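Here is the structure we will look at, set down as structure tokens.
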Amino acid sequence: RTLTLSGTTLTDDGARLDVGTDVRRIEFMPDGSVFLGLGEDGTLVSVVVAAVDDLTVTDTLALPAAGYGDLRLSADGRVAWVVGSNVTEDTSGVYVVRVACDGSLSQDLDATLGLRLSTSMAPLGGGRAVLLGGQAVFDPIDDDDTRLLTLGPPVAELAAFDLWSDAVGATRIAASPDGALVAVPNNSMFSTLAGTVKLFSVVCD
């Protein structure tokens with residue numbers, strides 16, 4: 001659905017577009033000509049925006065089932081990182097999708113990082129990112145809840161950290177524009193720190 005905001009007045013433009021999936025995240029390419037919509041089932045949709053009332057689905061890509069919740073784009077809009085949170089390394093982690101100028105989508109199968117219970121990623125700049133994920137109380141047990149990644153390609157883990165005393169859950173984490181700070185909220189019902197936000201500084205070597 002498209003609307004126009006003029007001052008404090010919001011007007012319905014009357015355009016509706018069925019993208020064929022229950023969209024959980026949307027990200028625009030830097031020039032605003034295309035946006036990507038991510039469904040929880042792994043359907044990634046590319047939509048060309050010719051005008052506020054002229055939207056067209058240009059491509060659809062079906063990623064492996066993983067319970068998706070986060071989508072990030074590179075600064076030039078040509079790479080999308082999609083985070084899925086299933087319980088095995090084969091069905092969760094960070095998936096890499098190439099985005100062409102016309103919005104066409106293709107998965108980079110060789111760039112994927114498999115990591116259990118991955119929920120959100122925050123790019124830091126300089127080809128690195130912080131990922132919330134990997135913590136598991138079932139075999140193989142993993143106490144580390146946060147990962148420092150290189151975005152490669154391929155995406156790979158540089159270091160792992162146990163930054164919370166117990167469980168952590170968040171639908172999205174965020175990094176400051178300069179990549180020096182990362183904010184992580186905790187909404188886990190299993191955590192004594194639920195309802196808090198931790199702010200971490202990132203120091204580049």
Side-chain angles (χ1 to χ4, degrees), residues 1-3 13 15-125 127-134 147 149-157 169-175:
R1 179 182 182 186
T2 66
L3 303 99
D13 296 302
R16 301 289 188 278
L17 182 67
D18 184 356
V19 297
T21 187
D22 179 11
V23 174
R24 297 303 177 93
R25 289 279 184 257
I26 289 179
E27 289 284 342
F28 268 97
M29 292 181 67
D31 63 2
S33 63
V34 176
F35 70 77
L36 303 185
L38 173 66
E40 185 183 22
D41 63 352
T43 301
L44 188 63
V45 180
S46 176
V47 177
V48 172
V49 183
V52 70
D53 58 352
D54 185 1
L55 310 177
T56 305
V57 174
T58 187
D59 202 4
T60 300
L61 178 67
L63 296 168
Y68 294 92
D70 203 6
L71 168 67
R72 305 284 183 159
L73 280 178
S74 61
D76 62 3
R78 294 292 172 252
V79 180
W81 297 286
V82 188
V83 181
S85 63
N86 211 319
V87 296
T88 75
E89 289 185 354
D90 295 329
T91 56
S92 68
V94 180
Y95 296 83
V96 179
V97 175
R98 305 293 173 183
V99 186
C101 295
D102 63 356
S104 300
L105 306 172
S106 59
Q107 184 182 357
D108 188 341
L109 297 173
D110 296 327
T112 299
L113 171 69
L115 186 68
R116 299 177 298 169
L117 301 175
S118 298
T119 55
S120 183
M121 188 186 86
L124 300 175
R128 300 193 307 170
V130 170
L131 177 73
L132 188 67
R147 319 281 159 159
L149 307 180
T150 174
L151 296 176
V155 179
E157 182 180 305
T171 55
R172 206 170 214 212
I173 65 176

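Please read these numbers as outputs of a predicted model, since none were measured by experiment.
Looking at Asp18 and Arg16, no side-chain N of the basic residue comes within less than 4.0 Å of a carboxylate O on the acidic one, giving no salt bridge.
Between Cys101 and Arg78, the shortest heavy-atom distance links the atoms SG-NH2, 3.3 Å. Ser92 approaches Ala66 most closely through the heavy-atom pair CA-CB, 4.3 Å. Taking each heavy atom of Gly37 and Val23 in turn, the nearest pair found is CA-CG1, 4.2 Å. Taking every heavy atom of both residues into account, Pro123 and Ala129 meet most closely at CA-CB, 3.8 Å. When all heavy atoms of Pro153 and Asp108 are compared, the closest pair comes out as CB-OD2, 4.5 Å. Shown here for Ala75 and Pro30, the closest heavy-atom pair between the two residues is O-CG, 3.1 Å.
Within the 4.5 Å cutoff, the side chain of Val82 has no heavy atoms near those of the Leu36 side chain. The shortest distance between side-chain heavy atoms of Gln107 and Thr112 falls below 4.5 Å. Thr150 has its side chain out of reach of Val155: every pair of non-hydrogen atoms, C-beta onward, lies at least 4.5 Å apart. In this structure, Leu44 and Tyr95 have side chains that are not in contact, with every pair of non-hydrogen atoms separated by 4.5 Å or more. Contact annotation: the side chain of Arg98 never approaches that of Leu61 to less than 4.5 Å [non-hydrogen atoms, C-beta and beyond]. Side-chain atoms of Ser46 and Thr58, non-hydrogen and from C-beta on, do get closer than 4.5 Å to each other. Residues Val79 and Val96 have side chains in contact (heavy-atom distance under 4.5 Å, counting atoms from C-beta outward).
In this structure, Glu40 CD and Thr21 OG1 are separated by 9.0 Å, a value rounded to the nearest 0.5 Å. Atoms CG and CG, from Asp13 and Asp54 in turn, are 11.5 Å apart once rounded to the nearest 0.5 Å. Residue Met29 holds its CE atom at 8.0 Å from CG of Asp76, rounded to the nearest 0.5 Å. Rounding to the nearest 0.5 Å places CG of Asp53 at 11.5 Å from CG of Leu3. Interatomic distance, Trp81 CH2 to Leu149 CG, rounded to the nearest 0.5 Å: 10.5 Å.
The backbone N or O of Val48 sits nowhere less than 3.5 Å from a side-chain atom of Thr56 that would complete a donor-acceptor pair. Under the 3.5 Å distance criterion, the side-chain polar atoms of Ser85 are matched with a main-chain donor or acceptor of Gly67. When atom types are taken as modelled, the side chain of Arg72 and the backbone of Ala122 share no donor-acceptor pair closer than 3.5 angstrom. Judged purely by atom type and a 3.5 angstrom limit, Asp41 uses its side chain to pair as donor or acceptor with the backbone of Thr43.
Residues Asp70 and Ser120 bring a donor and an acceptor atom of their side chains to less than 3.5 Å of each other. Looking at Thr88 and Asp90, their side chains never bring a donor and an acceptor atom within 3.5 Å of each other.
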Note to self: Under the criterion side chain to side chain contact (heavy atoms under 4.5 Å, CB included), I'd like the reasoning laid out for Val94 against Leu115: C-alpha separation, chi angles, the key distance, then a yes or no.
What the structure shows: CA-CA 7 Å; Val94 180; Leu115 186 68; over 6 Å; no
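Each of Ile173, Val83, Leu71, Val130 was scored for a side-chain contact (heavy atoms from CB on, under 4.5 Å) with Met121, with one residue passing: Val83.
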